[in-house]
Amino acid sequence: MTDVVDADELMRRMQRARACAAEEARAWGGRRSGGLGAEEAAVRTVAYEVVVRVLDEILTPGARKGRV
């Protein structure tokens, strides 16, 4: 990856990554109820939720204060 990108492009890429992670968290969250793979789905859901929180803090610092 040797492309040079400006700040606006970097911001757009992070916003797309956040949207993708949020969608994956929703998709995996729907698979958590019982059955085979429920534990994996729970782990993946939490992992994607963490990615969303981290990107939220980068994109809008301090906006999530008070939330856990």
Side-chain angles (χ1 to χ4, degrees):
M1 203 169 140
T2 60
D3 295 342
V4 176
V5 297
D6 63 6
D8 290 335
E9 177 62 18
L10 183 59
M11 191 69 106
R12 282 190 293 275
R13 289 180 185 190
M14 286 189 291
Q15 289 168 338
R16 281 194 309 266
R18 189 223 172 270
C20 180
E23 179 59 34
E24 288 293 322
R26 282 190 294 275
W28 282 101
R31 301 177 194 171
R32 288 169 58 165
S33 58
L36 295 173
E39 184 177 333
E40 179 185 358
V43 169
R44 286 180 183 251
T45 300
V46 170
Y48 280 114
E49 288 170 349
V50 168
V51 170
V52 170
R53 283 194 306 237
V54 168
L55 288 172
D56 277 346
E57 185 60 30
I58 292 169
L59 295 168
T60 54
R64 293 183 63 95
K65 286 205 190 295
R67 294 188 210 169
V68 177

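Atoms considered below: every heavy atom in the structure, side chains included; atoms not considered: hydrogens, waters and symmetry mates. Residue numbers run from 1 in the order of the sequence given. Only a predicted model underlies this, so the values are computations on that prediction, with no experimental measurement involved.
Nearest heavy-atom pair, A25 versus T45, reported as atom, atom and distance to 0.1 Å: O-CG2, 3.8 Å. Of all heavy-atom pairs between V52 and A22, the closest is CG2-N, 3.4 Å. Nearest heavy-atom pair across L55 and M14 is CD1-O, 4.1 Å.
In this structure, E23 CD and Y48 OH are separated by 11.0 Å, a value rounded to the nearest 0.5 Å. For the atom pair R12 CZ and E9 CD, the distance stands at 4.5 Å (nearest 0.5 Å). Atom CG of D8 and atom CZ of R13 lie 12.0 Å apart (nearest 0.5 Å).
Put simply, V43 and V46 are part of two different groups of oily side chains (I, L, V, M, F, W, Y) that touch within less than 4.5 Å, one to the next. Tracing side-chain contacts under 4.5 Å through hydrophobic residues (I, L, V, M, F, W, Y), one reaches M11 starting from V51; they form part of the same cluster.
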Point to revise | Candidate pair E57 and R53, rule salt bridge (Lys or Arg N to Asp or Glu O under 4.0 Å), full reasoning | key: CA-CA 6 Å; E57 185 60 30; R53 283 194 306 237; over 6 Å; no
